[in-house]
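The next block holds one structure in the form of C-alpha cells; read it before the comments.
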Amino acid sequence: MRLPLLPLAAALAIGSAVPAAAQQAAPAEQPTAPPAPKAPPRLLVAISVDQFSADLFQQYRERYSKGLKRLLQGAVFPSGFQSHAATETCPGHSTLLTGVHPNRTGIIANDWFVPGIGRADKKVYCSEDETNPKSDSDNPVVSPMHLKAPTLGDLLKKKDPATINAAVSFKDRAVVMMGGHTTDAAYWIRGNRFVTYDGRRVSPAAVAQNTALATAINAGAPELPAPDWCRGVDRAIDMGGFTIGTYRFPVTAGDAKGFFNSPRTDEVTTDMAIRLLDEMPLGKDAVPDVLSVSYSATDKVGHAYGNEGVEMCIQMAVLDQTIGRLLDALDQRGLDYAVVLSADHGGADAPERMKLQGVPEASRLDPALTASALSASVSQATGIVPRKGPLFYGAGGSGDIWVNATLTVEQHREAVATLIAQLKANPQISGVYTAEELKAVEVPSGHPQDWTEIQRVAGSFDPERSGEVLMMTRRAVVPGTKPQPGYTATHGSPWDYDRRVPMLFWRSGLSPMEQAQPVETVDIAPTLAALVGLKAPAGTWDGRCLDIYAGEADSCG
C-alpha cells in the first residue's frame, strides 16, 4: 500500500526526533564471495553428456538431487552453443577439449564420403584409420588420425609428459575426440566389453570391469523405476505399428544390446572411470591430469524414444545419480579436481509427438532428399548416369552431398547445377550452399546465437572433407524418412534445439554463479587451461577463457 505524503515541516520534525546514530547508520554489510581456490587443480574432469540439449537440462534441472545438483552450485552457463551446423557426435565432441570449431578440427560429421577412395561404399568414419587394410566404415580400426587439432590433454602432455590423459565412453568417437592423440588410457565398448586401440594391452582395470560387465549382462535386469515426477510424460505415442513413451528398460538375461540401449550404459561408463582413477593413478601428483568421460545413454534413449517420454525422464534420474557417484568417488580419494560438463549436441523429439505438443510443422525428411532419390531425379533430368556407383553420396540427415568421381567436367557441372535447382525447389530446404561459397565465408567470433545459417555451415566446413553441395533443412524437419523401433528421433540441424547445450563448471570452494549470456563449447578448453596455468600461443583457440570466479578474482588471470 502506498503511504500518504507528509507535509515538509512534519517530515523534518520526525527526522529531527530520530537519534543521530540512527540517522547515520552504517550501510548493511554486503555478503562477500568466498575466496577463489589458490592452487591449480591436480585433475581436470571433462564430462560430456551425448545429446544433452539446453532444453532438456532446463526441463529437469529442478529435479536433480545428486551429481547434477552439485554441478549447479558452481558456475552455470545454461546457454552454451555448439556453434556449427553439423550437430553430430563426432564434430561436437571434437570442439569440447580442442577449443576450436569443426572447420579446424577437420571433423565435419560422424561419417563422410571420398568418391575417389578404393572401398566400395566410399564412406570414411570420423575416428578410423582407413589406410589400415583391416579397417572399413562399419568395422573401423579406431584412430585419432583425422583430428587436426590438439586436445587439452595433448597440450598438457606436450608441456609435461608426466601428465596423464585418460578417456572413457561407450562410443569410440567420443573417446578419440576428447582424448586426442596422446592418451595414456582410452576405453570404449565394442560388442559387450571395453576395448582400446589396436596394439595396446587391455589393462587389469579394464579386464576386471569386463568381468563385472559380463556378469551383469548375463544376469539381466528388471524394469527401471520411474520417479513420481515422471508421471506427466508417461503416456504412449503411436508411431505406426509401435509406440514410444512408456518403456522402462527391462533386460533379458544375456541381452547385451538391450543392456547397452538403456541408462545402464552410463553406469558402467562410471564404473570404468572409477577404476581408472585408481589404476593410473589420476590426480595424485602436482602435474595436472585429464580424465574425459562421455556418457552415451541420453543419446541412445533420445534416438530410440525421443526426449519427451518416460524413457528420457528415467534417463535423467539415472544420469544424475551416476554423475553423483563419480563425484563421490573423486571426493573419497581426496583429489583436488575441477569439473566441466557439457554436450556434443542437443536433439529433437519424435515429430509425431511434437505435432501433439504445439509444433504442427514438425515432419520427417522428404524421401526426395535422400542420396538415392536425388541421384535418380538428377539423372532423369540430365541423362547423366555414372559408369559405376550412384551419382551422389551423402544427403539425407548429414546435409553434405558428394559427386561421383567418374563424371566428366561437363557432366559434373550440369549435375551440380541441376541438383542445386532441385534442392532449392523443395519446401523442406532452408538453404543450399556450395563448397566454393563456403570457402569464402569467415567463421565469426561473435555471439553464436546471431550467426547466420551460412556461417553456421562454415563452422563445420572443411574444404578437404566436406561435400561439394550442402543442404540445410527447415526447423522441425527431423532427419530420417520414417520411424522404426529403436530409431524415432535424431539431431544434426543448424537450429537452436540441436546447437544449444549447458556448460557447468565446478570445483570445491567455487562460489555459485549463473551467467545466461551465450557462450560456446570452444570456450571450455581455454577456461580449463587457465585453471592449470597452461599458456598457449595466440591462435590456439577459437574460444575464449570464461571467468568462472564470481568474486573479484579472475580465473582467467
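Since the structure is predicted, the reported quantities are computational estimates derived from the model, not experimental observations. Side-chain atoms are counted along with the backbone in the values below, which use heavy atoms only and exclude waters and symmetry mates. By convention here, the first residue in the shown sequence is residue 1.
Side-chain N or O atoms of S53 include none that pairs as donor or acceptor with a backbone N or O of G346 at under 3.5 Å. Looking at T163, its side chain does come within 3.5 Å of a backbone N or O of P288 through a donor-acceptor pair. In this structure a side-chain-to-backbone donor-acceptor pair under 3.5 Å is missing from D336 to L43. When atom types are taken as modelled, the side chain of S135 and the backbone of V141 share a donor-acceptor pair closer than 3.5 angstrom. Between the side chain of R500 and the backbone N or O of S79, no donor-acceptor pair lies under 3.5 Å. Panel note: side chain E514, backbone V76; no donor-acceptor pair is recorded below 3.5 Å. In this structure, D289 contributes its side chain and G283 its backbone to a donor-acceptor pair below 3.5 Å. Side-chain atoms of D234 do not come within 3.5 Å of backbone N or O of T246 as any donor-acceptor pair. Side chain of N110 to main chain of C90: a donor-acceptor pair is present (N/O by atom type, distance under 3.5 Å, no hydrogens or angles). W451 places a side-chain N or O within 3.5 Å of a backbone atom of G446 that can act as its donor or acceptor partner.
For the atom pair CD (Q449) and CD (Q517), the distance works out to 8.0 Å, reported to the nearest 0.5 Å. Considering CD1 of I107 and CD of E88, their distance stands at 11.5 Å, rounded to 0.5 Å. Interatomic distance, R104 CZ to W541 CH2, rounded to the nearest 0.5 Å: 10.0 Å. Here D498 contributes atom CG and R456 contributes atom CZ; the two are 11.0 Å apart, rounded to the nearest 0.5 Å. Interatomic distance, D255 CG to N218 CG, rounded to the nearest 0.5 Å: 11.0 Å. Here the straight-line distance linking atom CG of L335 with atom CG of L330 works out to 6.0 Å at 0.5 Å rounding.
Donor-acceptor pairing under 3.5 Å is lacking for the side chains of D129 and H146. For the 3.5 Å distance criterion, the side chains of Q315 and T298 qualify, holding a donor opposite an acceptor. In summary, the side chains of E520 and H101 do present a donor paired with an acceptor at a separation below 3.5 Å, with no hydrogens or angles considered. In this structure, a donor-acceptor pair under 3.5 Å is absent between the side chains of D136 and Y125. Side chains of Y487 and T490: a donor-acceptor N/O pair is present below 3.5 angstrom, by distance only. For T322 and D266, the side-chain atoms include no donor-acceptor pair closer than 3.5 Å. At a cut-off of 3.5 Å, with distance as the only test, a side-chain donor of T95 or T521 sits close to an acceptor on the other residue. Looking only at atom types and distance, the side chain of T182 has a donor-acceptor partner in the side chain of D154 under 3.5 Å away. Side-chain contact of Y497 with N307: a donor-acceptor pair under 3.5 Å is absent, judged by distance alone.
Heavy-atom minimum distance, A350 versus A489: N-CB, 3.6 Å. Closest approach of S555 to D547, counting heavy atoms only: N-OD1, 3.0 Å. Pairing each heavy atom of E279 with each of S203, the nearest pair is OE1-OG, 2.7 Å. Shortest non-hydrogen contact noted between L282 and V290 is CD2-O, 4.1 Å. Residues V175 and A186 come closest through the heavy atom pair CG1-CB, 3.6 Å.
Note on ring orientation: taking the six-membered ring where Trp is involved, the planes of W229 and Y60 are tilted (angle from 30° to 60°). Under the 30°/60° scheme for interplanar angles, the aromatic rings of F194 and Y187 are found to stand perpendicular. By the 30° and 60° cut-offs, the orientation of the rings of Y64 relative to F57 is parallel.
The distance between the ring centers of W188 and H93 does not fall below 6.0 angstrom.
K284 NZ: more than 12 foreign heavy atoms inside a 6.0 Å radius. Atom CZ of R231 is surrounded by 12 or fewer heavy atoms from other residues, nucleotides or ligands within 6.0 Å. Atom NZ of K69 is surrounded by 12 or fewer heavy atoms from other residues, nucleotides or ligands within 6.0 Å.
Side-chain atoms of D278 and R333, non-hydrogen and from C-beta on, do get closer than 4.5 Å to each other. The side-chain heavy atoms of F505 and L531, taken from C-beta on, include no pair separated by under 4.5 Å. With a 4.5 Å cut-off on side-chain heavy atoms, S65 and D320 count as touching. Counting only heavy atoms from C-beta outward, the side chains of Y197 and V176 approach each other to under 4.5 Å.
We find that D331 and R70 are joined by a salt bridge, their nearest charged nitrogen and carboxylate oxygen being less than 4.0 Å apart.
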Fill in: salt bridge (charged side-chain N to carboxylate O under 4.0 Å, His left out) between D271 and R325, worked out
CA-CA 9 Å; D271 292 341; R325 190 157 59 85; 2.8 Å; yes

Worksheet item: Between D328 and K66, does a salt bridge (charged side-chain N to carboxylate O under 4.0 Å, His left out) hold up when you go through it step by step?
Response: CA-CA 10 Å; D328 288 345; K66 298 296 182 181; over 6 Å; no

Practice prompt. List the steps, then state whether salt bridge (charged side-chain N to carboxylate O under 4.0 Å, His left out) holds for D111 with R173.
Written response: CA-CA 11 Å; D111 303 279; R173 56 186 178 269; over 6 Å; no

